[in-house]
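One structure below.
Chain letters run A, B, ... following the sequence lines, proteins first, then strands; residues in each count from 1.
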Amino acid sequence: MEISFDKVGFWYQPGTPFAFQALKDVSLTIPSGQFTAVIGHTGSGKSTLIQHLNALLKPTTGRVLIGDRTIDAKTSNKHLKPLRKTVGIVFQFPENQLFEETVLKDIAFGPQNFGVTSQAATEMAQQAAKQVGLADELLTRSPFELSGGQMRRVAIAGVLALRPDVLVLDEPTAGLDPRGRRDVMTLVTKLQREQQMTIVLITHQMDDVARYAQNVVVMAKGAVVKQGTPQTVFSDANWLADHQLALPSAAEFAAQLSQHGFHFDPLPLTEEALVAQLAPQLPLKGGQHNE
Amino acid sequence: MNNFMFGRYIPGNSWVHRLDPRAKLLLCFIYIGVVFFANNFWTYLLLTVVLLGSIILAAVPARIFIRGLRPLFWLLLFTVVIQIFFGAGGHVYWQWGVFSITHDGLVSAGLILMRFVLIILISTLLTFTTQPLAIADGIESLLNPLRKVHFPVATLALMLSLSLRFVPTLMDEATKIMNAQRSRGVDFGSGGLRQQIKTIVPILIPLFVNAFQRAVDISIAMEARGYRDGENRTKYRQLKWRSADTISLVGFVIMAGLVIALRQLT
Ligand SMILES: Nc1ncnc2c1ncn2[C@@H]1O[C@H](COP(=O)(O)OP(=O)(O)OP(=O)(O)O)[C@@H](O)[C@H]1O
Ligand SMILES: [Mg+2]
């Protein structure tokens, strides 16, 4: 399902002395079935942006088109529930939303709210738990007895169990160990490739953006300042630095190598691309290692 | 939740903002006490004039005060309606069973409404112009004499400032949790009463769990930095009583005297 923003402006606490414009004239399209990454300095409005994707926030000006629904300032708060089922959002530090007695019940909470029978909800929950790699013996434990990383998986499963068409994740890997990070990213790409789920990912990990994303949206001070493929977004290192962003580590490495006589075109963004371009340039012949 | 203005601090540097929090607390107590002495047009007029004067000196836009009153609208309406229907005495305009609208009922409803609004507005003025932590400091300092009778003033003040400090944090957290549960299909504010009560559980449990976790973290952090609850703690924020504080205090005492004098007019 395609989602697009049409000149969206958003104010927090309008009409008070605390009024703050968190989004300014944002227009963008999130293509259906693709992997879109949203990056930007902290406070640039990323979390505000994604809360518009299922009408948790409504634009103060402009409008958001979600599939065939239009959301603007005047949209009523009623009948938004179907949207919440099609667009699933995993919030920043989602472990804060757990409340049920057992992990399984917590994951099944979402489907039950959408009128699924409790048996069907339990099945959906079990399947979601398997997808995120939660061991069966954890399902009967209290969610509050789990480690932070396990809680994170439970929370992600709680949204996956809704079987949304669009999955939005706000820094899902923050605070996870390398293994946990890789697991989450593998899961997300699998959902996108195998189930054609539309993925929107907020992240500060440029390596993940380079490796998995098809589109990148760069936010700064509430506005979209760049939009395109990772290749276009990462083409200008100085521009990135100006926006408190960095190159992916492979590209950074390649950039440093280019100052020592190596040549890259285009700039490699992933390790594989780097290796592929670097290997032919190395003055090594078969078996002749420098001794 | 974010549009809730009641009880919030609005940064500023007006004459009222700069007053000592102890003075503002005393002024507020005097004013509220005096409101209960007011009984006729002239006393209310005087109180209203003093309130409006203070609001002007605070340089906070009037519409924000009105927003501050809004959440209390139903409470006000309820009190007034009760007074109108159940207040008895004087000329009877309308009667139906135990309900009646009488002259005295209308008058007392008007007076109660007036008192309510005055008290709410003066307290709102206090919170609009004084940082929560300054209020806590002020209360601590005003309670200081109680140390003589071994009342735990410092502990009370710490509890007060910690809780005031975390009100906005908890509100933010509640908003976040509500949004997360909304995304999982919870419909706040729809369905019957039973349904509504059920939707509170998924907010309250995470909110409590986080609050307790945070309390543990804060106490550990405080102990790690050597906090001890004791008699001889010094203060980072010093309270300074200036002549403006004395002047306003004298002004309010004069107002109190005038109100008591004007009472006799009826
Ligand atoms: N409830 C709120 N009331 C007022 N201002 C807010 C509120 N929530 C966020 N803001 C402000 O809006 C701006 C954007 O916030 P947002 O949470 O969208 O940033 P972000 O890009 O997600 O940052 P991060 O990377 O740190 O998560 C920030 O400047 C923030 O201070
Ligand atoms: Mg954020």
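- Here the closest heavy-atom approach between residue B:Y9 and residue A:F18 is recorded as O-CZ, 3.1 Å.
- Most heavy-atom pairs under 4.5 Å with chain B, from the set A:V159, A:L162, A:L98, A:L83: that is A:L98.
- Residues of residues 86-95 of chain A placed with any heavy atom under 4.5 Å of a heavy atom in chain B are listed by number as A:I89, A:F91.
- Residues of residues 102-126 of chain A placed with any heavy atom under 4.5 Å of a heavy atom in chain B are listed by number as A:D106, A:F109, A:G110, A:N113, A:F114.
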Practice item. Determine, stepwise, if the pair B:I205 / A:F144 fulfils side-chain contact (heavy atoms from CB on, under 4.5 Å). Key: CA-CA 11 Å; B:I205 294 182; A:F144 299 111; 4.0 Å; yes
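- Residues A:F99 and B:I203 form no side-chain contact, since every pair of their non-hydrogen atoms from C-beta on lies 4.5 Å or further apart.
- Contact of B:V209 with chain A is made through the side chain alone, with heavy-atom distances under 4.5 Å.
- Not a single donor-acceptor pair under 3.5 Å links the side chain of A:Q97 to the backbone N or O of B:P206.
- Proximity to chain B is absent for every atom of A:K85, based on heavy atoms less than 4.5 angstrom apart.
- Annotation for A:K221: atom NZ does not count as buried by contact number, only 12 or fewer foreign heavy atoms lying within 6.0 Å.
- The shortest distance between side-chain heavy atoms of B:K176 and A:N96 does not fall below 4.5 Å.
- Looking at B:N179, the atoms closer than 4.5 Å to chain A (heavy atoms on both sides) sit in the backbone and in the side chain alike.
- Applying the ring pair (Phe, Tyr, Trp, His ring centres under 6.0 Å) criterion to B:F252, with sequence neighbours excluded, gives no partner residue.
- When the heavy atoms of residues 43-63 of chain A are compared with those of chain B, the residues falling under 4.5 Å are A:Q51, A:N54, A:L56, listed by number.
- Of the atoms belonging to B:P11, it is side-chain heavy atoms, and not backbone ones, that fall under 4.5 Å from chain A.
- Applying the 6.0 Å contact sphere to CZ of B:F188 captures more than 12 heavy atoms from other residues, nucleotides or ligands.
- More than 12 heavy atoms of other shown residues, nucleotides or ligands fall within 6.0 angstrom of atom CD in B:Q196.
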